[in-house]
Amino acid sequence: MKIAAWNVNSVRARKDRLVDWLKSAQPDVVCLQELKCQDAEFPMEAVREVGYHAVVHGQKTYNGVGILAKTEPTDVVRGLSDGVDDTHARLIAATVNGVRVVSAYVPNGQSVGSEQYEYKLQWYGRLRRYLDTRHKPGEPLVLCGDWNVAPADIDVWDPALWQGQTLCTDKERKALEHLCAFGLTDTFRKLYPAEQKFSWWDYRMLAFPKNQGLRIDHIFATAPLVERLVSAGVDRDARKGKQPSDHAPVWTEFKD
DNA sequence: ATGGTCGCGGTGCGA
């Protein structure tokens, strides 16, 4: 079972690229982030034609998350549903082949000390409570998406430059660690403790061709799935050429 | 070089 995550930065602008990648990569499950459209505008037919069901939690202009799968996702839950007054569409969950799948788009955080930065830290706490309320670490569960945190310096092209900046601050890393303390493992890092691969590059400054990136897109899994780990990677080529997203798809393969 | 580029929506904002 191959599970992937991709921040597409507008699913309508990225439709052809998404379809091409689905056809070549053949993931069983794909968690999408930053759809930037409402549910009715999602290119449902295009993904259906290449063999995928889709469940979507859309939003006009901003955010928006979805799950694509070769078999039909069931028990769909949209949002954190924790009673907080929050219009951001950043989370969707569904069950695929007995695995609970969560697609998450964590707030970017803008700049340290901003309102958005505080919202980001709180959002991490809300997601931890969501897991505590609804799930057990012994269940087969994956959380996939854009976490907007580089977990360690190895995940940053120039750690000295990024020291203390959003995506790399101690507070953000601690927030992510506290989330993972629920019982989640970073599947890529577990498989390859010393490998440096990035999933995001700034659109500016020729960051992509120079490979000046960060690893901020992750696939986290609970113990029953960690036992089944086979391989993981980043499809950097899906980012090349015309109409690239600033993120590349990341994926992890589990034994069936 | 404190800039630069995307996407949305039709201006400046979020990333």
Side-chain angles (χ1 to χ4, degrees), chain A residues 5-21 31-43 46-47 56-66 79 86-92 103-124 127 144-151 155-169 171-173 175-176 198-218 234-250:
Chain A
W6 193 6
N7 178 324
V8 289
N9 186 17
S10 169
V11 73
R12 289 177 293 176
R14 219 71 59 208
K15 187 182 77 170
D16 293 347
R17 186 174 287 266
L18 172 62
V19 165
D20 287 348
W21 173 74
C31 294
L32 298 175
Q33 296 80 41
E34 281 209 87
L35 302 177
K36 293 191 172 182
C37 68
Q38 299 176 79
D39 291 16
E41 297 157 345
F42 186 88
V47 299
V56 171
H57 183 32
Q59 183 182 336
K60 186 179 161 71
T61 311
Y62 304 110
N63 310 315
V65 285
D86 190 343
T87 56
H88 296 205
R90 295 184 176 276
L91 198 87
I92 186 169
S103 176
Y105 175 44
V106 174
N108 171 278
Q110 201 190 55
S111 55
V112 178
S114 65
E115 271 182 41
Q116 293 94 323
Y117 184 79
E118 292 306 317
Y119 173 67
K120 177 182 194 172
L121 296 175
Q122 285 176 15
W123 202 91
Y124 265 106
L127 181 55
C144 315
D146 177 359
W147 300 87
N148 269 313
V149 175
D155 303 307
V156 183
W157 69 277
D158 185 344
L161 179 69
W162 279 83
Q163 159 83 39
Q165 298 208 56
T166 317
L167 313 184
C168 299
T169 64
K171 277 188 179 178
E172 290 164 279
R173 287 175 171 172
L176 178 58
F198 305 133
S199 67
W200 171 83
W201 302 262
D202 198 304
Y203 274 127
R204 299 162 290 183
M205 306 277 286
L206 300 172
F208 182 71
K210 291 192 278 193
N211 199 28
Q212 296 179 341
L214 277 69
R215 192 175 69 93
I216 59 175
D217 300 272
H218 311 294
V234 181
D235 286 346
R236 195 174 188 273
D237 288 351
R239 167 66 178 71
K240 274 185 181 167
K242 281 188 68 181
Q243 277 200 311
S245 164
D246 46 354
H247 296 254
V250 300

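All values below come from the heavy atoms of this structure, side chains included, with hydrogens, waters and symmetry mates left out. Naming: A, B, ... by sequence-line order, numbering from 1 per chain.
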NZ or CZ of Arg14(A) within 45° of Trp6(A) ring axis and under 6.0 Å:
no
Selected nucleotide, minimal atom distance to Arg12(A) side chain, candidates dC8(B), dG14(B), dG4(B):
dC8(B)
Given the ring of Phe208(A), does Arg236(A) sit roughly above its face, with NZ or CZ under 6.0 Å from the centre of the six-membered ring and within 45° of the axis?
yes
Report yes or no: is the cationic atom of Arg215(A) (NZ for Lys, CZ for Arg) closer than 6.0 Å to the six-membered ring centre of Phe198(A), at no more than 45° off its axis?
no
Taking atom C1' in both dA1(B) and dG12(B), compute the distance separating them and give it to the nearest angstrom.
24 Å
Rounded distance in Å - CG (Leu167(A)) to C1' (dG14(B))
13 Å
What's the closest nucleotide to the Arg90(A) side chain, out of dA15(B), dG7(B), dG4(B)?
dA15(B)
Taking CH2 from Trp201(A) and P from dA15(B), how many angstroms apart are they, rounded to a whole number?
20 Å
In whole Å, what is the span from the NZ atom of Lys36(A) to the C1' atom of dG10(B)?
15 Å
Nearest-angstrom distance from the residue atom CG of Asn108(A) to C1' of dA15(B):
5 Å
Select base, sugar-phosphate, or nothing to describe what Asp246(A) touches, counting heavy atoms under 4.0 Å on all strands.
nothing
How many Å lie between OH on Tyr203(A) and P on dG14(B), as a whole number?
17 Å
Taking for each residue the nucleotide of DNA chain B bearing the nearest heavy atom, is the 5' side occupied by Tyr62(A) or by Asp202(A)?
Asp202(A)
Quick one: Asn7(A) CG to dG14(B) C1', roughly how many Å, whole number?
12 Å
When you get a sec, tell me which of dG14(B), dA15(B), dG4(B) is the closest nucleotide to the side chain of Tyr105(A)?
dA15(B)
What's the spacing between His57(A) NE2 and Ser103(A) OG if we round to 0.5 Å?
10.5 Å
Could you give the distance separating dG3(B) and dC13(B) at their P atoms, to the nearest angstrom?
16 Å
Judged by each residue's nearest nucleotide on DNA chain B, which is more toward the 5′ side, Lys60(A) or Asp146(A)?
Lys60(A)
Nearest-angstrom distance from the residue atom CG of Leu35(A) to P of dA15(B)
15 Å
Can you tell me if Arg14(A) touches the phosphate of dG7(B), counting only side-chain N or O atoms and a distance under 4.0 Å to OP1 or OP2?
yes
Should the pair His247(A) and Trp200(A) be assigned to parallel (<30°), tilted (30 to 60°) or perpendicular (>60°) ring geometry?
tilted
Check the distance between dT2(B)'s P and Gln165(A)'s CD and give it to me in whole angstrom.
16 Å
